[in-house]
Amino acid sequence: MLRMSKLFLKTLRDDPADAEVASHRLLVRAGYIRRAAPGGFSWLPLGWEVFRNVEKMVRDEMNKAGFQEVHFPALLPREPYDTTGRWTEYGDNLFRLQDRKGADFLLAPTHEEMFTLMVKDIAGSYRDLPVHLYQIQTKYRDEARPRAGLIRTREFVMKDSYSFDLNDAGLDESYAAHRASYIKLFDRMGLPFVIVSAMSGAMGGSKSEEFLAPMDIGEDTYIRCTSCDYAANVEAITTPAPDEITLDGLPAAVVHDTPGTPTIETLVDFVNANESMRHPDRDWTTADTLKNLVVNLKHPDGTIEPLAIGIPGDRDVDMKRLEAVVSPAEAEPFSAEDFAKHPSLAKGYIGPGALGSDNASGIRYLVDPRIVSGTSWITGADSSGNHVINLTAGRDFTPDGVIEAAEILKGDTCPACGSEVEIARGIEIGHIFQLGRKYAEALDLWVQGEDGKPATPTMGSYGVGVSRCLAAVAEATCDEIGLCWPREIAPADVHVVMAGKEGGPQRVAAEQLAADLEARGLRVLFDDRVKVSPGVRFKDAELLGVPTIAVAGRGVDADVPTIEVKDRQSGERSDVALADVVDHLVSVCTA
RNA sequence: CGGGGUGUAGCGCAGCUUGGUAGCGCGCCACGUUCGGGACGUGGAGGCCGGGAGUUCAAAUCUCCCCACCCCGACCA
């Protein structure tokens, strides 16, 4: 039994000034956590209780799925991470440090290397596979900007699992097993979630999905359909191509003088205001224009390749989508010097006429999927101050291919059902990933196959942010007045409130009730504080968020004494006869 | 890393423009009253005003430089 008279707890009446999001604000106010470092939190008794409940739930689901728990140090030597290249590749987000002898160490941001080495150490034969291991461990990432309380910290607890299979079919099974156990886990947490594809296009093959808890304060943007259940990461969504248009009878392309129109907006205004350029039936819009821009692709081997991208003028290039498509290359903006090297490119007036491997610049030219044969565009005429109207794809120009780099806008077409998508935000609570053989190969993990020859296992990795899930649950379940935990996560089943005069019958009833409930196996938080007014007790009970509140108050004085039982979430109250209340509460709490 | 904001008692804030012995609310301690929705009275304790340097007879207040935190963006297996 947790007695509030003894509990190391202080609730705050006012919101802490540095907390913006509800989960952060309430967890601090309710005395669950305190900020201790940039991106680091200390846990107070109630918070730690809740944390362990979440952790227990994660562990339980992992064990149920047949995965085995192991544990690694968080403080690791450099060497294995050097072998896989991640000592450097991980970049600024890796906490690096040295021991007294000057040897390099790191605080692990994730443990692929260690799991791989452990399997290498133990498993020797294909008969030892598949292997499914997990750990629950504190992870360290030197985040540029920790934010939103427990949502994004530099030290956090993560459950990470790894699967080792002999072949792709096995990996698929392992992946599916983890996916299924995550669905059970997040359902059990009472957390609404969507699974979005996070497949990175150009890398090919490696399958990846994110579990997102949809909420406005989330930092991951994803796309969801307004009518079907399609959901995808912005990087993974594909743009449906419209039908091609027959070229017969389309108006010819005409070059016009369009002085002083370096931007899409000035261009549209200009052509609409000019009689000779007006659209016969309507105003031109920015969606009628074809915007061409050039970037430099920096390939991992150091080579630089210019790439031209054509997209409808009503949208911008989404750098995240572009990077995902060109990965592992990186995209950088075209500089003034780059333009100087390509005199055929008229900055602000770049058109398909100069682009593509067959034209003046020789620059590879990829266009948005909407730009299909027969679509006509207003676009640059490759000399300063000139644009061309009705330049038609498939007739006047032929791009080298298509590229998914345009930003996704609300109202875009759903690739699954054809209705409209919307843009939503979510918290990434889980991520499952088919790694393949990258780590096994780098660390020389192999087992003897059935045929006696060495075989390299293929791996999957699967993560759940434990501390982040706690915050997500708090965020999803709380209301204006406080936290509101699902029973399994809550620090107690029943919050017993003594609401009468100290030394009166309420005291006696509350003490007895708390003891009886505990004897029946319920977890009890008992507000037995003296010299605390009833108002404070009620407010604190609501703030702390235990799902069921039992008040020994006025009802105790009645001819047939009663206890008020209140459901924290719904706010419903009922008076239950003192004689029946223990049974009643046991059934409520074990339902 | 760019833009914006904030640092004054445990928490939330005022004071700064116009320099002159540091204030309010909550919380805390003592006593009394009260006891079903963050009660009341009386009396207390508690602060190197983020740090450093400067200007001045005098700096929370003016100047310069740091640092920390929050928000937006960039970044983020």
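The sequence lines fix the lettering, A, B, ..., with proteins before strands; numbering per chain opens at 1.
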Trainee: Checking base pairs now: Watson-Crick or wobble, both atom distances under 3.5 Å. What partners B:rU17?
Mentor: none
Trainee: May I ask which nucleotide in the shown strands pairs with B:rG41, Watson-Crick or G-U wobble, both distances under 3.5 Å?
Mentor: B:rC31
Trainee: When we call it a touch if two heavy atoms are under 4.0 Å apart, what does A:Arg29 touch: a base, just sugar-phosphate, or nothing?
Mentor: base
Trainee: Applying a 4.0 Å non-hydrogen cut-off, can you work out what A:Ala37 is touching in the nucleic acid: base, sugar-phosphate, or nothing?
Mentor: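 Nothing: the residue A:Ala37, judged by heavy atoms under 4.0 Å, touches no strand.
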Trainee: Does B:rC49 have a Watson-Crick or wobble mate here (both distances under 3.5 Å), and if so which one?
Mentor: none
Trainee: Between atom CD1 in A:Ile549 and atom P in B:rG37, what is the gap in whole Å?
Mentor: 15 Å
Trainee: Taking the minimum atom-to-atom distance to the side chain of A:Phe538, which one of B:rC35, B:rG36, B:rA77 wins?
Mentor: B:rG36
Trainee: Distance check, P atoms only: B:rG12 and B:rC31, in whole angstrom units.
Mentor: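 Roughly 30 Å separates the two P atoms.
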Trainee: Name the nucleic acid region contacted by A:Gln506, choosing base, sugar-phosphate or nothing; use a 4.0 angstrom heavy-atom cut-off, strictly under.
Mentor: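 If one applies the 4.0 Å heavy-atom cut-off, A:Gln506 turns out to touch nothing in the nucleic acid.
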Trainee: Does a donor on one side chain sit under 3.5 Å from an acceptor on the other, for A:Arg86 and A:Tyr439?
Mentor: yes
Trainee: Find the distance between NE2 (A:His495) and CG (A:Leu2) and round it off to the nearest 0.5 Å.
Mentor: 10.0 Å
Trainee: Under 4.0 Å: is that the gap between some side-chain N or O of A:Arg573 and OP1 or OP2 of B:rG36?
Mentor: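 So the side-chain polar atoms of A:Arg573 never come under 4.0 Å of the phosphate oxygens OP1 or OP2 of B:rG36.
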Trainee: Provide the Watson-Crick or G-U wobble partner of B:rU55, both distances under 3.5 Å; none if there is no partner.
Mentor: none
Trainee: Determine the Euclidean distance between corresponding P atoms of B:rC66 and B:rC24; express it in Å to zero decimal places.
Mentor: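 These two P atoms come out 36 Å apart once rounded.
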Trainee: Please measure how far the P atom in B:rG36 lies from the corresponding atom in B:rC72, and state the result in whole Å.
Mentor: 43 Å
Trainee: Between B:rC35 atom P and A:Arg529 atom CZ, what is the distance in whole Å?
Mentor: 19 Å
Trainee: Please find the pair of heavy atoms, one from A:Pro16 and one from A:Val28, that lie closest to each other, and give the distance.
Mentor: CG-CG1, 3.7 Å
Trainee: Could you tell me how far apart A:Asp18 (CG) and B:rG5 (C1') are, to the nearest whole angstrom?
Mentor: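 That distance rounds to 14 Å.
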Trainee: What's the closest nucleotide to the A:Lys10 side chain, out of B:rC75, B:rC11, B:rC28?
Mentor: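 Comparing B:rC75, B:rC11, B:rC28 against the side chain of A:Lys10, the answer is B:rC28.
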Trainee: In terms of side-chain heavy atoms of A:Glu112, which of B:rA39, B:rC35, B:rA77 is nearest?
Mentor: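 Nucleotide nearest to A:Glu112's side chain: B:rA77.
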Trainee: Grab the CG-P distance between A:Asp527 and B:rG36 for me, whole Å please.
Mentor: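 Atom-to-atom, A:Asp527 to B:rG36, this comes out as 14 Å.
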Trainee: Give the nucleotide from the list B:rG37, B:rG36, B:rC76 with an atom nearest to the side chain of A:Asn93.
Mentor: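 Closest nucleotide among those given: B:rC76.
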Trainee: In whole Å, what is the span from the NZ atom of A:Lys539 to the P atom of B:rG36?
Mentor: 15 Å
Trainee: Roughly how far apart, to the nearest Å, are B:rC29 and B:rC69 at atom C1'?
Mentor: 32 Å
Trainee: Can you see whether A:Thr110 engages A:Glu112 through a side-chain donor-acceptor pair at a distance of less than 3.5 angstrom?
Mentor: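 There is such a pair (donor and acceptor under 3.5 Å, judged by atom type) between the side chains of A:Thr110 and A:Glu112.
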Trainee: Determine which nucleotide pairs with B:rG36, using a 3.5 Å limit on both distances of a Watson-Crick or G-U wobble pair.
Mentor: none
Trainee: In terms of ring plane angle, is the pair A:His178 and A:Tyr462 parallel, tilted or perpendicular, where the classes change at 30° and 60°?
Mentor: parallel
Trainee: Closest to the A:Val551 side chain: B:rG36, B:rG37, B:rC28?
Mentor: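 Of B:rG36, B:rG37, B:rC28, B:rG36 is nearest to the side chain of A:Val551.
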Trainee: What does B:rG7 pair with, Watson-Crick or G-U, if both distances are under 3.5 Å?
Mentor: B:rC67
Trainee: Report yes if a donor N or O on one partner sits less than 3.5 Å from an acceptor N or O on the other, where the partners are the side chain of A:Arg554 and the base of B:rG37; otherwise report no.
Mentor: no
Trainee: Taking the side chain of A:Arg152 as heavy atoms from C-beta outward, which of B:rG36, B:rC69, B:rC76 is closest to it?
Mentor: B:rC76
Trainee: Looking across every strand, which nucleic acid part, if any, lies under 4.0 Å from A:Met158 by heavy atom: base, sugar-phosphate, or nothing?
Mentor: base
Trainee: Taking the nucleotide of RNA chain B with the nearest heavy atom to each, does A:Val536 or A:Ala19 sit closer to the 5' end?
Mentor: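 Per heavy-atom nearest nucleotide, the more 5' residue is A:Val536.
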Trainee: To the side chain of A:Pro38, which of B:rC69, B:rG36, B:rA39 is closest?
Mentor: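 The closest nucleotide is B:rC69.
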Trainee: Select base, sugar-phosphate, or nothing to describe what A:Ala17 touches, counting heavy atoms under 4.0 Å on all strands.
Mentor: sugar-phosphate
Trainee: Determine which nucleotide pairs with B:rG73, using a 3.5 Å limit on both distances of a Watson-Crick or G-U wobble pair.
Mentor: B:rC1
Trainee: With rounding to the closest Å, how many angstrom separate the C1' atoms on B:rC71 and B:rC28?
Mentor: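 That atom pair is separated by 33 Å.
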Trainee: With under 30° as parallel and over 60° as perpendicular, where do the rings of A:His24 and A:Phe41 fit, or are they tilted in between?
Mentor: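 The rings of A:His24 and A:Phe41 stand perpendicular, inter-plane angle above 60°.
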Trainee: Could you measure between the two C1' atoms, the one in B:rU56 and the one in B:rG43, and give it in whole Å?
Mentor: 41 Å
Trainee: Using whole Å, what does the distance between atom P of nucleotide B:rC70 and atom CD of A:Glu20 come to?
Mentor: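 So the CD-P distance, A:Glu20 to B:rC70, works out to 11 Å.
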Trainee: Can A:Phe193 and A:Phe186 be said to form a ring-ring contact (aromatic ring centres under 6.0 Å, His included), step by step?
Mentor: CA-CA 7 Å; A:Phe193 63 92; A:Phe186 296 132; 5.7 Å; yes
Trainee: Do A:His111 and A:Gln137 meet the criterion of a side-chain donor-acceptor pair at a distance under 3.5 Å?
Mentor: no
Trainee: For a quick check of understanding: with a heavy-atom distance under 4.0 Å over all strands, which category does A:Arg141 fall into, base, sugar-phosphate or nothing?
Mentor: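 Base: the residue A:Arg141, judged by heavy atoms under 4.0 Å, touches a nucleobase.
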Trainee: For A:Gly555 and A:Ser461, take the nucleotide of RNA chain B holding the closest heavy atom to each; which residue's nucleotide lies nearer the 5' end?
Mentor: A:Gly555
Trainee: For nucleotides B:rU6 and B:rC62, find the distance between their P atoms and express it as a whole number of Å.
Mentor: 13 Å
Trainee: So, are A:Asp528 and A:Lys6 salt-bridged, with charged N and O less than 4.0 Å apart?
Mentor: no
Trainee: Ignoring the backbone of A:Lys501, work out which of B:rG36, B:rG12, B:rC35 is nearest its side chain.
Mentor: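 Closest of the options to the side chain of A:Lys501: B:rC35.
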Trainee: Which part of the nucleic acid does A:Asp540 contact within heavy-atom distance under 4.0 Å: base, sugar-phosphate only, or nothing?
Mentor: base
Trainee: Tell me: CG of A:Asp318 to C1' of B:rC75, nearest whole Å?
Mentor: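 Value for this atom pair: 14 Å.
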Trainee: Under 4.0 angstrom, heavy atoms only, what part of the nucleic acid is A:Arg145 near: base, sugar-phosphate, or nothing?
Mentor: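 The answer is base, as A:Arg145 lies within the cut-off (heavy atoms under 4.0 Å) of a base atom.
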Trainee: When the distance from CZ of A:Arg321 to P of B:rC75 is rounded to whole Å, what number comes out?
Mentor: 15 Å
Trainee: What's A:Glu219 touching, base or sugar-phosphate or nothing? Going by heavy atoms closer than 4.0 Å.
Mentor: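 Result for A:Glu219 = nothing.
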Trainee: Rounding to an integer number of angstrom, what distance separates B:rU42 and B:rC49 when you compare their C1' atoms?
Mentor: 30 Å
